[in-house]
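Take a look at the structure set out below.
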Amino acid sequence: MPLDIIVGIKWVPNTTAVNIDPKTGTLIREGIPSVVNPHDLTAVEMALKLKDKYGGSVTAISMAPPSALAGLEHVIGMGVDRGILASDRAFAGADTLATSYVLAKVIEKIGRFDLVIMGHETIDSSTAHIGAQVASWLNLPYVYYVVDAVLEDDGNTLEVTRILENAYEKYRIRLPAVISIAMHTFNPRRVRLSEKLRAKMEKPIEIWSIKDLEIDPNCAGLRGSPTVVSGIDFVPKVPRKNEVFQGSDPKEAARWLLSKLIEEGLLDL
Ligand SMILES: Cc1cc2nc3c(=O)[nH]c(=O)nc-3n(C[C@H](O)[C@H](O)[C@H](O)COP(=O)(O)OP(=O)(O)OC[C@H]3O[C@@H](n4cnc5c(N)ncnc54)[C@H](O)[C@@H]3O)c2cc1C
């Protein structure tokens with residue numbers, strides 16, 4: 001019973017390399033390299049694992065400027081079958097509502113699918129809204145913090161396990177459905193250069209515009225975004241302590257470090 005899976009991936013500035021402008025309180029994005037949102041690589045890995053087990057296909061979708069083609073090529077290099085980029089100037093300035101609306105329209109246009117998988121959240125905006133909103137636009141069941149999924153024998157029921165603070169919960173959901181994967185659930189597989197090159201030759205990434213998706217411009221981008229960020233008042237200041245171990249014995253240094261971490265409440269043994 002093959003599964004046709006769609007995965008949402010976002011092309012984000014690598015925030016480990018981002019600084020905050022102390023005057024404006026906004027991210028300094030200039031010159032920052034972009035990457036596929038790391039939690040979306042976890043979602044891609046989950047989709048590929050399900051495809052390895054049950055057969056079917058994996059399609060990656062993204063709403064982003066054309067530079068995100070590199071992100072879709074990356075996941076195709078991991079084994080994704082098809083890449084679709086929703087890209088149009090009219091999509092710029094979207095809040096989560098307008099973003100999820102465009103993604104839902106992309107999924108509707110794809111037509112045939114069993115499961116949509118999203119990452120837990122993004123590293124640049126971290127709202128964790130998109131999965132729930134896409135499910136809501138499409139009127140589909142939604143489960144989040146998922147760590148495992150097993151297809152039942154009937155071929156259209158998925159048993160999903162979600163992680164809570166001190167427990168696991170199991171749900172049986174009818175397909176099609178939307179799930180978000182808990183962070184760090186899987187290590188993403190490596191990109192194979194041969195796959196990336198084959199993709200360039202045989203399965204170029206499709207780019208869909210607002211017209212292709214038949215979206216009313218009032219529902220996309222800034223015009224379709226009711227959220228207004230009115231300002232950021234402060235940049236949090238992180239106090240730093242600087243203590244240096246005086247000595248040369250590595251065992252003594254380790255003991256000293258451990259005692260400091262416990263003292264600061266960072267380790268609880
Ligand atoms: C008023 C306002 C204006 C904004 N203007 C801009 C702007 O001009 N430019 C800009 O870059 N951002 C802008 N944003 C941020 C924008 O809302 C988010 O980038 C976007 O809606 C996704 O939200 P998120 O990153 O929190 O995703 P989350 O909800 O944290 O993501 C969950 C999962 O959804 C999927 N997903 C999320 N986004 C995408 C996507 N684009 N394509 C495919 N899958 C996705 C991924 O699987 C991801 O792991 C704006 C936000 C607001 C409130």
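Only heavy atoms go into these numbers, but all of them, side chains included; no hydrogens, no water, no symmetry mates. As the structure lists them, so they are numbered: ligands from 1, and atoms in each ligand from 1.
The cluster map of Ile, Leu, Val, Met, Phe, Trp and Tyr, joined by side-chain heavy atoms under 4.5 Å apart, puts Met118 and Leu41 in different clusters.
Residue Val228 has no N or O atom closer than 3.5 Å to an N or O atom of ligand 1. Residue Leu222 places no N or O, backbone or side chain, under 3.5 Å from any N or O of ligand 1. Residue Gly119 has at least one nitrogen or oxygen atom sitting less than 3.5 Å from a nitrogen or oxygen atom of ligand 1, judged on distance alone. Inclusion of Gly93 in the set of residues having an N or O under 3.5 Å from an N or O of ligand 1 is warranted. Considering backbone and side-chain atoms alike, Ile61 places every N or O at 3.5 Å or more from each N or O of ligand 1. On a distance-only criterion, Gly131 and ligand 1 share no N/O pair closer than 3.5 Å.
No more than 12 heavy atoms of other residues, nucleotides or ligands lie within 6.0 Å of OH in Tyr144, so this atom counts as exposed by the packing criterion. At most 12 heavy atoms of other shown residues, nucleotides or ligands fall within 6.0 angstrom of atom CG in Asn139. At most 12 non-hydrogen atoms from other residues, nucleotides or ligands lie less than 6.0 angstrom from CG of Asn187. At most 12 heavy atoms of other shown residues, nucleotides or ligands fall within 6.0 angstrom of atom OH in Tyr168.
Each of the atoms 23 (O), 24 (P), 26 (O), 27 (O), 28 (P), 29 (O), 30 (O) of ligand 1 lies under 4.0 Å from some heavy atom of Thr127. Heavy-atom proximity to Ala128, at under 4.0 Å, picks out these atoms of ligand 1: 28 (P), 29 (O), 30 (O). Of all the atoms in ligand 1, the ones that sit under 4.0 Å from a non-hydrogen atom of Gly8 are 44 (N), 46 (C), 47 (O). Within ligand 1, the atoms closer than 4.0 Å to a non-hydrogen atom of Ile9 are 42 (N), 43 (C), 44 (N), numbered from 1 in the order shown. Atoms of ligand 1 found under 4.0 Å from any heavy atom of Ser62, numbered from 1 in the order shown, are 42 (N), 43 (C). Contact atoms of ligand 1 toward Met118: 34 (O), 35 (C), 47 (O) (distance under 4.0 Å to a heavy atom of the residue). The atoms of ligand 1 that sit less than 4.0 Å from any heavy atom of Asn37 are 49 (O). When each atom of ligand 1 is checked for a heavy atom of Ser126 under 4.0 Å away, the hits are 26 (O), 30 (O).
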Side chains of residues 45-52: which donor-acceptor pairs under 3.5 Å do they make with residues two or more places apart or in other chains?
residue	atom	partner	partner atom	Å
Glu45	OE1	Arg189	N	2.8
Glu45	OE1	Arg189	NE	3.0
Glu45	OE2	Lys49	NZ	2.9
Glu45	OE2	Arg189	NE	3.3
Glu45	OE2	Arg189	NH2	2.9
Lys51	NZ	Asp81	OD1	3.0
Lys51	NZ	Asp81	OD2	3.1
Asp52	OD2	Arg189	NH1	3.3
Asp52	OD2	Arg189	NH2	3.2

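Ion pairing of Glu169 with Arg162 is present here, as a side-chain N (NZ or NE/NH1/NH2) and a carboxylate O approach within less than 4.0 Å. Under 4.0 Å is where a charged nitrogen must lie from a carboxylate oxygen, and between Glu263 and Lys260 at least one such pair does.
Remark: Glu214 engages no residue in a side-chain contact (heavy atoms from CB on, under 4.5 Å) (not counting sequence neighbours).
For the pair His39 and ligand 1, no heavy-atom separation below 4.0 Å is found. For the ligand labelled ligand 1, residue Ser225 lies outside the 4.0 Å heavy-atom shell. Look at Ala64 and you'll find every heavy atom at least 4.0 Å from all atoms of ligand 1.
Around atom 20 (C) of ligand 1, the closest heavy atom drawn from Ile6, Asp40, Thr99, Leu85 belongs to Thr99. Across Asp124, Asp95, Val106, heavy-atom proximity to atom 2 (C) of ligand 1 is greatest for Asp95. Between Thr227, Val178, Ile130, it is Ile130 that holds the heavy atom closest to atom 37 (C) of ligand 1.
Ring orientation note: the planes of His39 and His184 are nearly perpendicular, at an angle over 60° on the 30°/60° scale.
Residues Thr99 and Lys10 form no side-chain contact, since every pair of their non-hydrogen atoms from C-beta on lies 4.5 Å or further apart. Leu213 is not listed as a side-chain neighbour of Asp88, based on a closest heavy-atom distance of 4.5 Å or more.
By the criterion of a heavy-atom distance under 4.0 Å, neither the backbone nor the side chain of Val7 is placed next to ligand 1. Heavy atoms of Ala43 found under 4.0 angstrom from ligand 1: none, in either backbone or side chain.
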Exercise. Which is it for Ser225 and Asp95 under the side chain to side chain donor-acceptor pair (under 3.5 Å) test, yes or no, and what are the steps along the way?
Worked result: CA-CA 5 Å; Ser225 298; Asp95 66 3; 3.3 Å; yes
